[in-house]
> 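Pasting a structure below so you can have a look.
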Amino acid sequence: MPFDAHDHLVPGTVTPERQVPRSITRPPYVGLQTPPPYAGDNTYSDAEVARIRAAGRIASGALDAVGEAVRPGVTTEELDRVAHEFVIAAGAYPSTLGYRGYPKSSCTSVNEVICHGIPDDTVLREGDIVNVDITAYLDGMHGDTNRTFRVGRVSTEVDQLVERTHEAMMRGIKAARPGRQVNIIGRVIETYAKRFGYGVVRDFTGHGVGAAFHTGLIIPHYDSAPRYDDVISAGMVFTVEPMLTLGTHEWEMWDDDWTVTTRDKSITAQFEHTVLITESGFELLTVSE
Ligand code: MF3
Ligand code: CO
Ligand code: CO
C-alpha cells in the first residue's frame, strides 16, 4: 500500500539489509550509532582528489544503471538493488548502508519526499518522479551524487520543476569560486528558484565530503548571509544538492525517522554533485566517463 487515497505516499515494507563482500572495506561509522568525529579539513591534494573522483565515478555509474531501470511498475527496492549491485561490483561500499543506522544502499525519494526516502515495496507509477541518491566509498573516500528521474511521462509542471532544479544546482556550482563565501551558492540558487515561485528547502543542505561522508562544512541552498561565511578556496570539495518544491519549504518527518516530506505534500525535486573547486572554477567529481 505505497500510496493512500489522496495519492500521498505511505510507508511500505523494507526488506532486510543487503550483504557486502568481506573484501570491500567499510567506512569507519558502520555499526556505530554516530560517525567518529572528523578532524580533517575540506581541502585535498591532487592525489586525494583522484581518489574522490574514483568514488564519485562509481556513484555516478550506479545512477546511470538505476536510471535505465526506472519505469512504471518498478519498486524502489528494485532500484536500490541495482544501485547496491553496481557499487559492490565496482569494489566500493554503498556509504548510506549502516550510516547512523540507515538500512539501505541508496535513498529513493518519491514525489513529495524531499530526501532520505527508504527503498521499499512502493511501486512507481507513470507520472511519478523519484530521486535516487547514491554515495560510494572507495579507498577511504566518499563520492556523493543524486538525480531525479521521471517515471514515464510526467506533467509539464513537474517536468519543469525537475529541469529547473538541475539548472539551479548548476548555477549554484558555477557561482562557487575561490575567495567567495559559500553563501553565494545558496543566494544564486534561491534567486533562480524564486522566479518560478518554488519553495527552497533550508534545513537539509550540501556538505563537505571526501574523507568523511559529512565533514561538518555546511553548504546552504538559500541566501543565508551573513551566516555560512566560510571562504571557498582551490582544492575544496563539497556537495551542492538543492531541493526545490512546488509549494512550501517546510517539512515533516515520518515515524521511520528518515523520510522527509514537504509539509503540504507538494512535489519536490533534487540534484546533487560532489564538486572540486579549482583556481579557475570547478570540476564535477561525480561524473561517469
Ligand atoms: N547522500 C545523502 C546526502 O546527500 C545522505 C544520505 S544519509 C542516509 O547527504 F543515511 F540518509 F542515507
Ligand atoms: Co550529499
Ligand atoms: Co547524497
Side-chain angles (χ1 to χ4, degrees), residues 11 14 17-18 20 26-35 38 42 52 55-63 66 76 79-80 83-84 87 92-110 113-120 130-137 141-149 165-166 169 172-173 176 182 185-186 189 201-221 236-244 251 253-254 256-261 268-276 284-287:
V14 180
E17 268 188 24
R18 296 183 181 284
V20 176
R26 275 98 177 121
Y29 53 74
V30 173
L32 305 179
Q33 293 274 9
T34 43
Y38 175 68
N42 293 282
I52 304 173
R57 180 175 295 124
I58 293 167
S60 177
L63 282 181
V66 168
T76 52
L79 300 182
D80 183 70
H84 180 87
V87 170
Y93 184 92
S95 305
T96 59
L97 185 64
Y99 179 73
R100 298 181 183 272
Y102 187 83
K104 290 288 168 188
S105 301
S106 60
C107 299
T108 53
S109 301
V110 177
V113 178
I114 293 172
C115 60
H116 305 166
I118 301 174
D120 62 14
V130 57
N131 177 277
V132 182
D133 192 335
I134 301 174
T135 307
Y137 179 75
M141 295 292 183
H142 299 270
D144 184 7
T145 183
N146 75 51
R147 296 179 208 155
T148 298
F149 299 104
T165 304
H166 184 267
M169 174 189 67
I173 291 170
V182 298
I185 297 167
I189 289 170
V201 173
R202 306 166 78 100
D203 294 342
F204 299 87
T205 65
H207 51 93
V209 66
F213 194 173
H214 299 95
T215 65
L217 172 68
I218 299 293
I219 310 291
H221 303 115
M236 266 178 117
V237 175
F238 52 76
T239 74
V240 178
E241 49 180 304
M243 290 142 271
L244 304 186
W251 54 274
M253 179 95 77
W254 281 3
D256 62 16
D257 278 339
W258 281 111
T259 309
V260 179
T261 76
T268 170
Q270 182 182 21
F271 284 85
E272 173 177 30
H273 271 303
T274 295
V275 177
L276 167 70
L284 304 180
L285 297 180
T286 38
V287 290

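Side-chain atoms are counted along with the backbone in the values below, which use heavy atoms only and exclude waters and symmetry mates. For ligands, and for the atoms within them, numbers begin at 1 and follow the listed sequence.
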> Hey, can you tell me if His207 and His214 have their rings parallel, tilted or perpendicular (30° and 60° cut-offs)?
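Answer is tilted, since the angle falls between 30° and 60°.
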> Heavy-atom contacts with His214 under 4.0 Å: which atoms of ligand 1 show up? List them by number with element.
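Listed by number with element: 3 (C), 5 (C), 9 (O).
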> From the N, O or S atoms in Asp144, identify the one nearest to the Co ion (ligand 3).
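Output for this pair reads OD1.
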> Return the closest protein heavy atom for atom 11 (F) of ligand 1 as residue, atom name and distance.
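Going by distance alone, atom 11 (F) of ligand 1 is nearest to Trp258 CZ3, 3.3 Å.
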> With a cut-off of 2.8 Å, does His207 put an N/O/S atom close enough to the Co ion (ligand 2)?
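Yes, since at least one N, O or S atom of His207 sits under 2.8 Å from the Co ion (ligand 2).
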> Suppose we measure from atom 2 (C) of ligand 1 to each protein heavy atom; which comes out shortest, and what is that distance?
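Closest protein heavy atom to atom 2 (C) of ligand 1: Asp133 OD2, 3.3 Å.
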> Parallel under 30°, tilted from 30 to 60°, perpendicular over 60°: which one fits the rings of Tyr29 and His142?
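Ring orientation, 0 to 90° scale: parallel.
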> Do any nitrogen or oxygen atoms of Glu272 come within less than 3.5 Å of a nitrogen or oxygen of ligand 1?
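For ligand 1, there is an N or O atom that lies under 3.5 Å from one belonging to Glu272.
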> Considering the heavy atoms of His207, write down every atom of ligand 1 situated less than 4.0 Å from one of them.
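Counting from 1, the qualifying ligand atoms are 3 (C), 4 (O), 9 (O).
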> Take Val87 and Tyr93, measure what side chain to side chain contact (heavy atoms under 4.5 Å, CB included) needs, and give me the verdict at the end.
CA-CA 6 Å; Val87 170; Tyr93 184 92; 5.8 Å; no
> Should Phe213 be listed as contacting ligand 1, given a heavy-atom distance under 4.0 Å as the test?
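Phe213: in contact with ligand 1 (<4.0 Å).
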> What residue and atom, counting heavy atoms only, is the protein's closest point to atom 12 (F) of ligand 1, and at what distance?
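Here the closest protein heavy atom is Thr96 CG2, 3.1 Å.
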> How long is the span from the OG atom in Ser106 to the CG atom in Asn146, to the nearest 0.5 Å?
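Reported value, rounded in 0.5 Å steps: 11.0 Å.
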> Check Leu284, Ile52, Val237 against Leu276 for a side-chain contact (heavy atoms from CB on, under 4.5 Å) and give me the one that passes.
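Single pass found, and it is Val237.
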> Return the closest protein heavy atom for atom 3 (C) of ligand 1 as residue, atom name and distance.
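Protein heavy atom at minimum distance: Asp144 OD2, 3.4 Å.
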> In Glu272, which N, O or S atom comes closest to the Co ion (ligand 2)?
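That would be atom OE2.
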> Examine the proximity of ligand 1 to Cys115 and report which part, side chain or backbone, both or neither, has a heavy atom under 4.0 Å away.
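None of Cys115 does.
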> Has ligand 1 got any nitrogen or oxygen that is less than 3.5 angstrom from a nitrogen or oxygen of His116?
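His116 vs ligand 1: no N/O contact under 3.5 Å.
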> Atoms of ligand 1 less than 4.0 Å from Thr135 heavy atoms?
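This gives 1 (N) as the contact atoms.
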> Can you check whether Val20's main-chain N or O pairs, donor with acceptor, with Arg26's side chain at less than 3.5 Å?
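Checking the backbone N and O of Val20 against the side chain of Arg26, a donor-acceptor pair under 3.5 Å is found.
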> For the Co ion (ligand 3), does an N/O/S atom of Glu241 lie at less than 2.8 Å?
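Within the cut-off used here (under 2.8 Å), Glu241 places no N, O or S atom near the Co ion (ligand 3).
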> Is it true that a side-chain atom of Thr96 and a backbone atom of Lys104 form a donor plus acceptor pair closer than 3.5 Å?
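Answer holds: yes.
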> So is Tyr99 polar-close to ligand 1, meaning N/O to N/O under 3.5 Å?
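The answer is no, given that Tyr99 and ligand 1 share no N or O pair closer than 3.5 Å.
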> About how many Å separate NE2 of His221 and CE of Met243, when rounded to the nearest 0.5 Å?
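Taking CE in Met243 and NE2 in His221, the distance rounds to 5.0 Å.
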> Any non-hydrogen side-chain atom of Ile118 less than 4.5 Å from a side-chain atom of Pro103?
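Yes - at least one pair of side-chain heavy atoms lies under 4.5 Å apart.
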> Enumerate the atoms of ligand 1 whose separation from the nearest heavy atom of Glu241 is less than 4.0 angstrom.
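Those of ligand 1 that fall under 4.0 Å from Glu241 are 3 (C), 4 (O), 9 (O).
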> Test your reading of the structure: does Tyr102 have an N or O sitting under 3.5 Å from an N or O of ligand 1?
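Checking ligand 1 against Tyr102, no N or O pair falls under 3.5 Å apart.
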> First locate atom CZ of Arg147, then atom CD of Glu272, and finally report the distance between them rounded to the nearest 0.5 Å.
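Output value for this atom pair is 11.5 Å.
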> Quick check for you: to the nearest 0.5 Å, what is the distance between His273 atom NE2 and Asp144 atom CG?
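If we round to the nearest 0.5 Å, His273:NE2 and Asp144:CG are 11.5 Å apart.
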